[in-house]
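Some notes on the structure that comes next.
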Amino acid sequence: MVCDGESRSLNFIEEIITNDLENGVVDSIITRFPPEPNGYLHIGHAKSICLNFGLAIQFDGKCNLRFDDTNPTKEETEYVESIMNDVKWLGFEWANLCYASDYFDQFYKWAIDLINAGKAYVDDQSAEDIRQNRGTLTKPGEDSPFRNRSIEENIDLFKRMTEGEFEEGSRVLRAKIDMSSSNINMRDPVIYRILKRSHHRTGDKWCVYPMYDFAHGYEDAIEGITHSICTLEFQDHRPLYDWFIENVDVPHVPRQYEFARLNLTFTIMSKRKLLELVTSGIVSGWDDPRMPTICGFRRRGYTPESIRRFCKEIGVAKSDSMVEVELLHYCLREELNRTAQRGMAVLRPLKVVLENWPDGFVDELDAENNPEDENSGNRKVRIGKEIYIEREDFMEEPSKKFFRLAPGTEVRLKYAYIIKCKEAIKDENGEVVELRCTVDMDSRGGNAPDGRRIKGTLHWAWTGDAVEAKINLYGNLFTLKNMNDMEEGKDYQDYLDPESLVVIEDALVEPILANAKPMDKFQFLRHGYFCVDAESTPEKPVFNRTVSLKDSWGKISAGNRRGSR
RNA sequence: UGGGGUGUAGCCAAGCGGCAAGGCAGCGGACUUUGGAUCCGCGACCGAUGGUUCGAAUCCAUCCACCCCAGCCA
């Protein structure tokens with residue numbers, strides 16, 4: 001297990017910070033997690049959160065939660081609330097709660113400074129003209145005809161822009177850098193656009209809003225961020241980031257570093273597409289257990305610990321990566337195996353009558369709550385003449401490696417007795433509907449009196465006290481391992497897995513499970529980890545499968561047709 | 001074809017000139033009242049080609065592949 005105190009090699013950002021600290025470049029570090037409140041956080045954000053907050057903890061620094069709310073057309077308070085909630089749930093505390101919008105006045109002053117320094121100008125060109133004159137990857141751009149206006153005129157125009165005198169799209173403020181730069185970001189980027197929208201925090205105070213490149217470095221400068229960590233696609237923006245910082249009098253000079261964002265197999269991470277899944281009703285909401293959102297994982301039964309562990313295991317580097325979901329599954333199982341209470345649930349029941357069981361007799365046996373935890377104690381399970389076993393635990397014509405129940409074979413009922421199959425009763429369609437078995441009454445507890453080895457052990461439910469339950473079996477939302485490899489002409493929705501949710505209405509669970517509270521987590525013996533759904537009641541309990549147990553029999557029997565769940 | 005990045009086992013990822021960490025997945029075995037867990041064992045000559053060096057995944061050169069950039073999104 002990787003513990004916090006365990007020594008391991010540093011990732012490149014930890015190395016940079018270590019050097020900066022040792023060389024006195026900085027005395028202590030301040031990082032930030034800067035989401036735009038235009039959607040719910042997903043597992044990719046979790047990587048960034050663990051990185052930024054983790055660094056602050058590791059180096060005894062601070063980390064701010066900052067909402068990068070510079071575009072009122074897409075941002076809402078619903079999102080800021082969910083983001084705060086998710087960050088807290090992951091187990092992190094921010095040093096300061098910040099909003100880019102709190103700095104709008106300062107941004108405005110710096111914009112004026114740039115104009116006064118002859119480094120910004122108001123451009124009257126249309127968006128289309130600006131695009132035309134920007135050039136292409138191989139062709140340099142051309143100067144705007146408005147590039148050399150006087151400082152006075154620029155100041156006047158910009159002020160009138162902010163006062164709402166002009167229509168959206170009619171003018172922008174641009175940085176005056178270099179229209180022939182090989183880095184397109186440096187070709188006089190737009191720094192303010194007219195947006196007559198009301199902002200979730202500043203209301204109608206502003207008619208102009210700053211662009212990311214202009215605002216972000218200043219946000220960092222204001223907060224004293226020492227290491228501004230973002231994803232790879234911003235590498236090309238770093239020269240711009242530095243340019244804005246250098247050309248104005250800032251209180252602090254932050255530095256930007258970039259790392260590779262997380263990609264997960266069988267998953268999409270695009271906020272736009274996730275929003276579509278929600279609005280189209282393909283999933284039940286941002287917190288649908290199949291969504292890669294933090295709240296989706298939470299409802300699915302994931303723990304904050306397991307997600308943090310996952311983020312630690314995947315590492316931080318600069319090469320584009322596609323992490324297999326199996327690693328996430330592993331991190332969850334690793335924790336839940338140690339902590340989850342065990343219980344028996346029969347998902348697809350097959351009735352079994354124990355012919356020689358004494359009529360009316362009910363036995364009560366001890367069952368371990370968690371074999372991995374000595375302190376977890378035991379519980380009582382009851383059994384009588386008629387029980388249910390898992391339908392797939394019986395095979396009329398067993399294959400050679402099948403060591404569960406079959407005509408004439410013996411199997412152990414977990415915690416209880418050894419039984420032997422006498423006969424399979426079928427209905428008119430030839431489907432097995434009931435098993436007649438004999439029980440070795442001397443094998444109470446599951447041990448054969450003569451010491452004979454019983455290889456198969458089955459979970460079961462007693463007809464006398466089993467409770468009917470609804471069970472949601474969740475799997476991957478998509479069928480394609482690498483969603484970047486979609487076929488030409490196909491859409492991500494063409495890859496939705498129709499079996500990403502399979503509902504079982506009439507499973508049978510032991511009584512203790514029926515009385516659990518929402519979000520309680522269990523291991524259903526031989527099945528996997530499940531959590532109690534929010535809608536669960538003692539009369540009709542509902543469980544969500546978080547992840548299945550590793551299933552080596554599944555691989556043998558079916559050639560692993562569907563991958564892990 | 002301009003610029004910026006990245007290329008180490010199926011997937012992540014260490015390595016910073018001295019003879020390739022670790023994890024996941026996979027495979028084999030032991031053990032097992034969860035075909036779970038646990039335990040043991042198994043895999044690379046480092047994108048390619050040249051060069052420098054006693055010695056290179058690590059330095060140099062050339063080439064190749066992949067990713068990002070032409071929003072008044074972030």
Side-chain angles (χ1 to χ4, degrees), chain A residues 2 8-11 15 34-36 38 68 70-71 73-74 123 125-127 130-132 134-141 168-174 181-187 189-195 208-209 211-213 215-216 230-239 258 260 265 271-272 312-331 333-334 337-338 342 344 368 371-372 401-404 412-416 418 445-447 454-459 481 484 523-528 548-557 564:
Chain A
V2 178
R8 58 174 229 280
S9 53
L10 300 178
N11 65 48
E15 230 164 71
E36 181 189 12
N38 67 343
D68 209 351
T70 58
N71 185 351
T73 66
K74 301 196 299 184
D123 195 341
Q125 292 184 103
S126 66
I130 288 178
R131 191 182 314 129
Q132 288 296 324
R134 185 151 31 220
T136 67
L137 296 179
T138 52
K139 193 181 76 186
E168 285 187 14
S170 63
R171 272 173 244 261
V172 290
L173 182 69
R174 289 230 257 171
S181 173
S182 53
N183 181 343
I184 293 179
N185 295 121
M186 301 298 271
R187 319 236 263 230
V190 171
I191 62 188
Y192 265 99
R193 76 286 216 189
I194 299 171
L195 248 29
V208 293
Y209 291 89
M211 298 288 288
Y212 169 87
D213 286 309
H216 205 87
C230 61
T231 42
L232 253 28
E233 65 270 27
F234 292 102
Q235 286 175 123
D236 288 343
H237 296 240
R238 196 181 335 122
E258 312 86 12
T265 53
K271 275 190 185 177
R272 195 201 96 233
K312 184 178 291 184
E313 293 297 327
I314 59 179
V316 176
K318 298 181 75 159
S319 60
D320 294 307
S321 61
M322 174 63 69
V323 177
E324 296 173 331
V325 259
E326 286 76 9
L327 179 58
L328 216 206
H329 295 166
Y330 163 80
C331 292
R333 290 190 189 113
E334 199 279 332
N337 177 49
R338 288 182 280 112
R342 311 284 129 125
M344 293 194 290
E368 291 173 305
E372 305 297 319
K401 289 185 174 176
F402 186 82
F403 51 80
R404 273 113 95 145
R412 172 169 39 237
L413 296 177
K414 180 75 177 176
Y415 312 124
I418 294 168
N447 297 304
I454 303 297
K455 189 135 195 226
T457 300
L458 311 184
H459 59 278
K481 180 167 185 175
N484 295 317
Q523 182 198 94
F524 288 179
L525 248 42
R526 307 207 301 137
H527 278 304
S548 66
L549 244 30
K550 282 178 70 174
D551 182 13
S552 47
W553 165 244
K555 287 175 196 164
I556 297 169
S557 66
S564 80

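Naming convention: chains lettered A, B, ... in sequence-line order (proteins, then strands); numbering from 1 in each chain.
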Regarding A:Arg193 and A:Glu168, does a basic nitrogen lie under 4.0 Å from an acidic carboxylate oxygen?
no
In whole angstrom, give me the gap between the [atom1] atoms of [N] and [M].
| N | M | atom1 | value |
| --- | --- | --- | --- |
| B:rG41 | B:rA21 | P | 15 Å |
| B:rU1 | B:rC72 | P | 26 Å |
| B:rG7 | B:rU58 | P | 13 Å |
| B:rG15 | B:rC45 | C1' | 14 Å |
| B:rU8 | B:rU49 | P | 16 Å |
| B:rA20 | B:rC46 | C1' | 7 Å |
| B:rA56 | B:rG17 | C1' | 6 Å |

Which whole-number value in Å describes the distance from [X] [atom1] to [N] [atom2]?
| X | N | atom1 | atom2 | result |
| --- | --- | --- | --- | --- |
| A:Asn447 | B:rU32 | CG | P | 12 Å |
| A:His329 | B:rC12 | NE2 | P | 16 Å |
| A:Leu10 | B:rC16 | CG | P | 13 Å |
| A:Glu326 | B:rC12 | CD | P | 12 Å |
| A:Gln235 | B:rG3 | CD | P | 16 Å |
| A:Lys312 | B:rG22 | NZ | C1' | 14 Å |
| A:Phe403 | B:rU32 | CZ | C1' | 10 Å |
| A:His527 | B:rU34 | NE2 | C1' | 11 Å |

Watson-Crick or G-U wobble partner of [N], both distances under 3.5 Å:
| N | value |
| --- | --- |
| B:rG26 | B:rC42 |
| B:rA13 | none |
| B:rU49 | B:rA61 |
| B:rC19 | none |
| B:rG2 | B:rC69 |
| B:rU32 | none |

Counting the atoms with a prime plus P, OP1 and OP2 as sugar-phosphate, which does [X] contact under 4.0 Å by heavy atoms, base, sugar-phosphate, or nothing?
| X | answer |
| --- | --- |
| A:Arg404 | base |
| A:Lys401 | base |
| A:Leu525 | base |

With the criterion being N/O to N/O and under 3.5 Å, what pairs connect the protein with nucleotides 27-30 of chain B, and how long is each?
none

Set of side chain to side chain donor-acceptor pair (under 3.5 Å) partners for A:Gln125, sequence neighbours left out:
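A:Gln125: side chain to side chain donor-acceptor pair (under 3.5 Å) contacts with A:Asp123, A:Asn133, A:Ser144.
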Can you name the side chain to side chain donor-acceptor pair (under 3.5 Å) partners of A:Glu36, sequence neighbours left out?
A:Asn38
Between the CZ atom in A:Arg526 and the NZ atom in A:Lys414, the distance rounded to the nearest 0.5 Å is 10.0 Å
Quick one: on RNA chain B, does A:Asn11 or A:Trp553 contact a more 5' nucleotide (nearest heavy atom)?
A:Asn11
Between A:Arg187 and A:Ser181, does any side-chain donor sit less than 3.5 Å from a side-chain acceptor?
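The answer is no; no qualifying pair exists.
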Do A:Thr136 side-chain atoms and A:Lys139 backbone N/O form a donor-acceptor pair below 3.5 Å?
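Here the side-chain-to-backbone pair exists.
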Tell me if a side-chain donor or acceptor on A:Asp68 pairs with a main-chain N or O of A:His216 at a distance below 3.5 Å.
no
Which atoms of nucleotides 17-21 of chain B (N or O only) lie under 3.5 Å from a protein N or O atom, and what are those distances?
none

Treat primed atoms plus P, OP1 and OP2 as sugar-phosphate and everything else as base, then score nucleotides 36-43 of chain B 5' to 3': B for base contact with protein heavy atoms under 4.0 Å, S for sugar-phosphate contact only, - for none.
BS------
Heavy atoms under 4.0 Å is the rule here; annotate nucleotides 67-74 of chain B 5' to 3' with B where the base is hit, S where only the sugar-phosphate is, and - elsewhere.
SBBBSBBB
For A:Met211 and A:Val190, which heavy atoms make the closest approach, and how far apart are they?
CG-O, 3.3 Å
